[in-house]
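In this chain, residues are counted from 1 in sequence order. When a ligand or atom number is given, it counts from 1 through the structure's own listing order.
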Amino acid sequence: VVAELRAGIVATGSELVAGRIADANGPWLAQRLGELGVEVPYLLSVSDRRDELAAALTFLADAPVGLIVVSGGLGPTADDLTAEVVAAFAGAELVLDEAMESTIAEILASYAARMDLSAEALRVANRKQAMVPRGALALQPVGTAPGLVVRRAGGPLVVVLPGPPRELQAMWPAALAAPEMASLLAGVRPFGAVSLRFFSLPESEITATLTELGERLDLSPLEITTCQRRSELEVDIRFRPGAEAVSEALVDGVIDRHRKQLVSTDGTTTDEQVAALLTGRRIGLGESCTGGLVTARLTDRPGSSDYVAGGVVAYSNDAKVSLLGVPAELIERHGAVSPEVARAMADGARKRFDADIGCSVTGVAGPGGGTPDKPVGYVCFCVTTADGGVLAREVHLRGSRAEVRERSVDVAMHLIRRAASRTTPS
Ligand code: ATP
């Protein structure tokens, strides 16, 4: 039998709700649960106070969810109340787990020398952490606090994990292996999932496409999320077993309408594709307004020395002439930011590095230097290949200097991908 399981996550910590630190546990847990096929409709952050945590647990039990994962508040200090609140929620009293008390005592003995604590304080702290709700399973501590797996009769299973992200993550396998958790997850099947990536596709266009397709297809079995990541738009489709056909129809419809902007259907990024496509050849770069950022992006990846021959930052006109062999009269006639000069820079970079592919960027990054003809954000790109292929672009990018430069890198990466997928390595 395929079971559906909904879970709620509660990250406790006043520092979280005050915005002093970002929650690292909730999103991590949501991803792990999502991978297992558990739906996570609630991800809450609550302060360290008793009432708020109790209210969050009650809210989730009523939601209802079958599983609650709580992070934090297991420590020895007075504001660490999670075990106590969870015990009350489960209707169980806190009892001393003697085996756990000696386990913690052993762990603390090795800290004791370094910690400036009195023997008495240590004993009290030790004892507090070994108090578990009656009937609960205590998970072996990674730091000093044990995790807990507690069942509320007729309600959700509650798993409590330590707050420090490293400890929480280390304890997760033990939580999954706990018998009650394992049996809860036993019938849960992973979601079907498709991830589409597009380049230079506004979110509004995807929304329009989804609305249009929704008039023909019943999309209700699908969970569709769109997410803009820099200049790439990711469309994620998730579904329960049985909805494969409608998912396929949707994917076909979306690809059909935006084929030109499609980067991948398997979640791979432009950068990963560029790396794969450049394997077996060499690229040389000539950059003006991006000042080497495209070369830096390409060399971000380990192993890029196999295909990145090098890059020239040719910022001044003199550098364009002397380092990339751009004819001075071409710059005079068309201006340094022009398709003609971009072409000469790409050819120059390719020859200079004896490469198969040359790529250039020249533009007006701003904030000054714009003209009516060539305003801030006007950027010319060219990619040329040794077999005579030429791919050129002139774009008008919006934003600050930093944004114009960053988006220029994205455009260049995309053009390199296009050019490299057109030709085969020699
Ligand atoms: P300890 O035994 O260390 O006290 P604990 O289970 O009581 O563990 P907390 O006291 O809630 O955990 O948190 C300990 C530290 O872990 C916090 O100061 C914080 O730096 C980090 N932490 C806790 N929760 C989160 C979270 N959700 N995201 C990121 N960091 C967190």
Present, as a list of atom pairs with distances to 0.1 Å, all nitrogen or oxygen contacts under 3.5 Å between ligand 1 and the protein.
| residue | atom | partner | partner atom | Å |
| --- | --- | --- | --- | --- |
| ligand 1 | 6 (O) | Gly73 | N | 3.4 |
| ligand 1 | 6 (O) | Leu74 | N | 3.1 |
| ligand 1 | 6 (O) | Gly163 | N | 2.9 |
| ligand 1 | 7 (O) | Gly73 | N | 3.3 |
| ligand 1 | 7 (O) | Leu74 | N | 3.0 |
| ligand 1 | 7 (O) | Gly75 | N | 2.7 |
| ligand 1 | 7 (O) | Asp80 | OD1 | 3.1 |
| ligand 1 | 11 (O) | Gly73 | N | 3.0 |
| ligand 1 | 12 (O) | Gly163 | N | 3.3 |
| ligand 1 | 16 (O) | Pro164 | N | 3.4 |
| ligand 1 | 22 (N) | Gly163 | O | 3.4 |
| ligand 1 | 24 (N) | Gly163 | O | 3.4 |
| ligand 1 | 27 (N) | Asp23 | OD1 | 2.7 |
| ligand 1 | 27 (N) | Asn25 | ND2 | 3.2 |
| ligand 1 | 28 (N) | Ala24 | N | 2.8 |

Q.
Among residues at least two apart in sequence or on other chains, which ones pass side chain to side chain donor-acceptor pair (under 3.5 Å) with Asp79?
A. Thr77
**Q.** Residues forming a ring-ring contact (aromatic ring centres under 6.0 Å, His included) with Phe199, sequence neighbours excluded
**A.** His414
(Q) Tyr42: which residues meet the ring-ring contact (aromatic ring centres under 6.0 Å, His included) condition with it, sequence neighbours left out? (A) Phe59
**Q.** Side-chain H-bond candidate by donor/acceptor type, Glu234 with Thr226, under 3.5 Å
**A.** no
**Q.** Any donor-acceptor pair under 3.5 Å from Arg257 side chain to Glu205 backbone
**A.** no
**Q.** Lys320 side chain vs Tyr315 backbone, donor-acceptor pair below 3.5 Å
**A.** yes
